[in-house]
A.B. asks: 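I have a structure I would like to understand better, so I am pasting it below and will then ask my questions one at a time.
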Amino acid sequence: VTVICVFVDNPHLDTLDEDVLYHLALGTSTHDLPAMFGDVKFVCVGGSSRRMKAFARFMAAELGLPDAEADPPNICAGTDRYAMYKAGPVLSVSHGIGVPSICVVLHELLKLLHHARCTDVTVIRIGTSGGIGLEPGTVVVTQQAVDGAFQPRFEQMILGRPVVRGTELDGGLVAELLLCGRELSQFETVAGNTMCTMDFYEGQARLDGAFCCFSERDKQEYLARAYEAGVRNIEMEALVLAAMCKLGGLQAAVVCVTLLDRLQGDQLSGSHELLESFQQRPQRLVGLFIRKRLQAS
Ligand code: R2B
Ligand code: URA
């Protein structure tokens, strides 16, 4: 059995007397991180704090935890930037919208897992997205996270220069998650590339933002090219999740439901109830995945 430690590759950290995880309102001298988090094996992240709280409750029931009925406490109650809940070995954390927001929380989460001396951790984003040519409600398991030019690369400005990092995801994990979707057989689950953009409107070829510098025809041509490049859904965080977990040596996956078909329109006009029920689909799929993993261990 190989034990994979959470790899934080930064020699500067060794020179710190204490590490303050500012946006989580946690720290190495204020909290006993190994005692609080040492047993974590799954870190599930998603945009909204309410949805991640609901996921923690769902997982507590799925795993038959004694306090499954109780309201889970927010571990990051000292801040309103992000919210964090724990259900046994499952950590459920909100990341807000977009690349900068998830980037900050992942730096602090990977350091938290490192300080807590966690081993063999799998990170999964359970999120929402816009689909391309898919029935709304379809769940997409990401094969490759790609940028707006359909390239599997995450580019970030560091010291005034663009630094490019790879975004390969674990193919075995994709297959495992697809199998869970098939076993559940409650909704369509497909594998596909996920395009991660820096904006919800023009950046995702929407015509309905405050500004728009292109035509309906330009939009359709772009989405057709995306489809040809294997893109099946569009969201705003997959590149960072893939790149940072790869750097940290963590298994990672992205599982997103599609809320609409972007070939048909831009507005999210489905009923509140329908959109809410769609958002439970990645939770159910990942819930089964976690139960199976725990049974096998
Ligand atoms: C999906 O949904 C959010 C935008 O509405 C964003 O966080 C994402 O990736
Ligand atoms: N999230 C996105 O980023 N895009 C969509 O179209 C829907 C949800």
Side-chain angles (χ1 to χ4, degrees), residues 23 44-55 81-83 92-106 109 123-142 144-148 150 154 167 169 187 190 192-210 212 214 216 219-220 222-224 226-227 231-245 252-272 274-283 285-286:
H23 303 87
C44 296
V45 297
S48 115
S49 51
R50 197 158 45 87
R51 181 152 38 83
M52 296 323 286
K53 181 176 181 176
F55 180 66
R81 296 295 187 180
Y82 303 102
S92 180
V93 189
S94 70
H95 59 55
I97 290 185
V99 163
S101 188
I102 193 174
C103 198
V104 171
V105 77
L106 281 181
L109 267 177
V123 181
I124 305 180
R125 165 164 146 75
I126 47 176
T128 61
S129 62
I132 306 182
L134 298 174
E135 183 70 28
T138 303
V139 171
V140 178
V141 180
T142 303
Q144 265 199 106
V146 299
D147 65 13
F150 323 132
F154 172 50
T167 62
L169 289 164
F187 42 80
V190 301
N193 293 345
T194 296
M195 181 161 79
C196 172
T197 67
M198 305 297 146
D199 170 38
F200 183 83
Y201 289 98
E202 286 176 291
Q204 292 189 6
R206 275 189 161 80
L207 299 160
D208 64 341
C212 186
F214 50 84
E216 164 81 32
K219 166 195 160 176
Q220 292 295 343
Y222 177 64
L223 293 183
Y227 191 90
V231 175
R232 293 296 175 269
N233 65 338
I234 312 174
E235 48 81 273
M236 300 179 64
E237 295 86 13
L239 278 179
V240 181
L241 189 108
M244 290 185 70
C245 290
V254 180
V255 181
C256 290
V257 70
T258 62
L259 299 180
L260 77 170
D261 180 1
R262 290 299 316 290
L263 300 181
Q264 308 298 325
D266 296 337
Q267 295 250 315
L268 283 150
S269 47
S271 75
H272 179 75
L274 184 70
L275 296 180
E276 285 282 312
S277 79
F278 282 173
Q279 293 182 39
Q280 289 169 7
R281 293 179 173 186
Q283 301 187 25
L285 194 157
V286 170

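Whatever order the structure lists ligands and atoms in, that order sets their numbers, starting from 1. These numbers come from a predicted model, not from an experiment. Computation of the quantities below employed the complete heavy-atom set of this structure, encompassing side-chain atoms and omitting hydrogens, waters and symmetry-equivalent molecules.
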A.B. asks: Do R125 and ligand 1 have an N or O pair less than 3.5 Å apart?
C.D. replies: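 For ligand 1, there is an N or O atom that lies under 3.5 Å from one belonging to R125.
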
A.B. asks: For atom 3 (O) of ligand 2, grab the closest protein heavy atom and report residue, atom and distance to one decimal in Å.
C.D. replies: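 Sorting protein heavy atoms by distance from atom 3 (O) of ligand 2 puts Q204 NE2, 2.9 Å first.
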
A.B. asks: Check each atom of ligand 2 against the heavy atoms of I234 and keep those under 4.0 Å away; list them by number with element.
C.D. replies: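 That gives atoms 2 (C), 3 (O), 4 (N) of ligand 2.
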
A.B. asks: What I want to know is whether H95 and ligand 1 share at least one N or O pair that is separated by under 3.5 angstrom.
C.D. replies: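 Looking only at distances, the answer is no, because the N/O contact criterion of under 3.5 Å is not met.
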
A.B. asks: Under 3.5 Å between some N or O of ligand 1 and some N or O of I97?
C.D. replies: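 Between I97 and ligand 1 (N or O atoms, distance only) the closest approach is not under 3.5 Å.
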
A.B. asks: Regarding atom 8 (C) of ligand 2: of the candidates C196, S129, C256, which has the closest heavy atom?
C.D. replies: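 Answer by nearest heavy atom: S129.
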
A.B. asks: As an exercise, identify every atom of ligand 2 less than 4.0 angstrom from a heavy atom of L260.
C.D. replies: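 Close to L260: 6 (O).
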
A.B. asks: Identify the closest protein heavy atom to atom 6 (O) of ligand 2: which residue and atom is it, and at what distance?
C.D. replies: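 Residue, atom and distance for the closest contact: R206 NH2, 2.7 Å.
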
A.B. asks: Identify the protein heavy atom lying closest to atom 8 (C) of ligand 1, giving its residue, its atom name and the separation to 0.1 Å.
C.D. replies: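 Its nearest protein heavy-atom neighbour is E237 OE1, 3.5 Å.
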
A.B. asks: Look at atom 5 (C) of ligand 2 and say which protein heavy atom is nearest, naming residue and atom and giving the distance to 0.1 Å.
C.D. replies: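 Result: G130 N, 3.3 Å.
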
A.B. asks: Nearest 0.5 Å, please: how far is OG in S92 from CD in Q283?
C.D. replies: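 Q283 CD to S92 OG: 7.5 Å, rounded to 0.5 Å.
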
A.B. asks: Out of all atoms in ligand 2, which are within 4.0 Å of some heavy atom of M236? Include the element for each.
C.D. replies: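 So the atoms of ligand 2 that pass are 3 (O).
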
A.B. asks: If we only consider heavy atoms of Q279, is any one of them less than 4.0 Å away from an atom in ligand 1?
C.D. replies: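 No; Q279 lies far enough from ligand 1 that no heavy-atom distance drops under 4.0 Å.
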
A.B. asks: Does an N or O from S129, backbone or side chain, lie closer than 3.5 Å to an N or O of ligand 1?
C.D. replies: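 N/O-N/O distance under 3.5 Å: no.
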
A.B. asks: Going by distance alone, is a donor N or O of one side chain under 3.5 Å from an acceptor N or O of the other, for E276 and Q280?
C.D. replies: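 There is no such pair between these side chains.
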
A.B. asks: What is the nearest protein non-hydrogen atom to atom 4 (C) of ligand 1, stated with its residue, atom name and distance?
C.D. replies: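 Checked against all protein heavy atoms, atom 4 (C) of ligand 1 sits closest to F200 CD1, 3.7 Å.
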
